[in-house]
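Throughout, protein chains are lettered first and strands after them, A, B, ... in sequence-line order, and every chain is numbered starting at 1.
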Protein chains: 2
Amino acid sequence: MSEVKLEPGKMTKGEQTKAVILETALELFRERGYEETTMRAIAERANVALGNAYYYFRSKEHLIQAFYSRTHEERLAASLELLEREPDLQKRLLGILHKMLETIEPYHKFAGVLFRTAADPESPLNPFSADSEPTRRQSIAMFAQVLEGANVKLPKDLKEELPYLLWLYHMGITLFWIHDASPERRRTYRLTERTVDIVVKLIKLGSNPLMRPLRKAALRLVAELREADA
Amino acid sequence: MSEVKLEPGKMTKGEQTKAVILETALELFRERGYEETTMRAIAERANVALGNAYYYFRSKEHLIQAFYSRTHEERLAASLELLEREPDLQKRLLGILHKMLETIEPYHKFAGVLFRTAADPESPLNPFSADSEPTRRQSIAMFAQVLEGANVKLPKDLKEELPYLLWLYHMGITLFWIHDASPERRRTYRLTERTVDIVVKLIKLGSNPLMRPLRKAALRLVAELREADA
DNA sequence: GTCTATAACCGGATAGAC
DNA sequence: GTCTATCCGGTTATAGAC
């Protein structure tokens, strides 16, 4: 599923070891969940000493961070093709969200821990933190691309803020997914389909010149909240 | 601040011990934060054995749950008077939210941990969990009261779902508060004032007979999502 | 700079005696 | 109900090998 090539030719020994440890950890996380996976077990299956695991990953949580950027990249890659091919906004958005859900599905079992640490304002894993700024920026940029290539015209003010709002929206979907215990995550898919429809309608409605005053007011509120991210 | 009388006359020895442990724990949490407070330190200052602390509280997290229901009750009490006196919906809602923010303010320092555990779907602290059902129900009931005594007429379908929606809204405010590092939590207060205004306008708009189809559609979506709480 | 092995520390949690 | 002893696992420290 999430196989990653460990090309020994292109990697130093250290990079290889690090990669092996990460793969092993994710494997165990998927098998048993996060809490149930001990650092000792990871080291053992990866055939390294416990101390060595800590040499490459400062803590168990840092393994999660590595996981984050990995799935994030997978997701970007998986989305590219769609973005080049599909012009319809609604289909673009829905497609992106589906790709995302597919990418993270294997990890649903330990999603709770992910989110738990992510929700802590002190944690570097917090998606609003300075630490995750690069990933966040990339992610928001992707939503900008979703809009960019679509067959819609947006007023400038909305166009600027919308990628961020869509990113927030996708975080909301993710939050729902985490709590979704339905078979095959049906509820999440249903929610996604319904809300994408609403979101697209709202975007079109909000672009209407008549809505300018309301739109301005709403965007000002959003801008204000955004400041609080720090 | 959060002094609670420990009336020995009215309590069995066990209840007393339990109360002492809880008070000591909250004291230490406020002093040093959650992570920095060890169960051993709590037991020591409370003059009980470590094992005894675990006799009364199944885990360190369960101390948080006790804290929850405590502030929850304080909040209910603080809100009662307002609800009996004020007829204007907007003022009622704003007042309730202000009371809430006041009650939790002393604990802002370890609010992160609160939310972190609360966000874990597995955790009993999760506000959507079965474990927190009693508190949740009470809280939703309070929002029903906010509507009940107000000078507005609502269509039946909306009246039924709205308390839950307001509860969700207040959770959103809380989430923002957790991440709010501004002096005196100014941002949170500003956000609250602005959004309360919007919420009340939306409620009035949504009650308009012309909005019936849209309202029905929205409420159906909400009802569907609500099922997923389990 | 990469890695092993081993021991130890710390704190949450549990068992079982009294 | 209360205690002591113990386990368990994240984390650290050390000392040394390639």
May I ask you to say whether A/E23 pairs ionically with A/R70, meaning some side-chain N is under 4.0 Å from a carboxylate O? yes
More than 12 heavy atoms of other groups within 6.0 Å of B/E44 CD: no
Is it the case that B/K18 places NZ or CZ above or below the six-membered ring of B/F57, under 6.0 angstrom from the centre and within 45 degrees of the axis? yes
For C/dT2, does OP1 or OP2 lie under 4.0 Å from any side-chain N or O of A/K18? no
A/Y55 side chain N/O closer than 4.0 Å to the phosphate oxygens (OP1, OP2) of C/dT2? yes
Who passes side chain to side chain donor-acceptor pair (under 3.5 Å) against A/E84, sequence neighbours left out? none
What does nucleotides 4-18 of chain D look like as a protein-contact string, B for base, S for sugar-phosphate only, - for none, at under 4.0 angstrom between heavy atoms? B----BBBB------
Length of the [atom1]-[atom2] vector between [X] and [N], whole Å:
X: B/L28; N: C/dG12; atom1: CG; atom2: P; result: 12 Å
X: B/N47; N: D/dG1; atom1: CG; atom2: P; result: 18 Å
X: B/Q16; N: D/dG1; atom1: CD; atom2: C1'; result: 13 Å

Hits for side chain to side chain contact (heavy atoms under 4.5 Å, CB included) against A/D197, two or more places apart or cross-chain, chain-then-number order -> A/Q90, A/K201
Please confirm whether the ring centroid of A/H98 lies under 6.0 Å from the ring centroid of A/Y189. yes
With the side chain defined as heavy atoms from C-beta on, B/V48 is closest, among C/dT4, D/dC3, D/dT2, to D/dC3
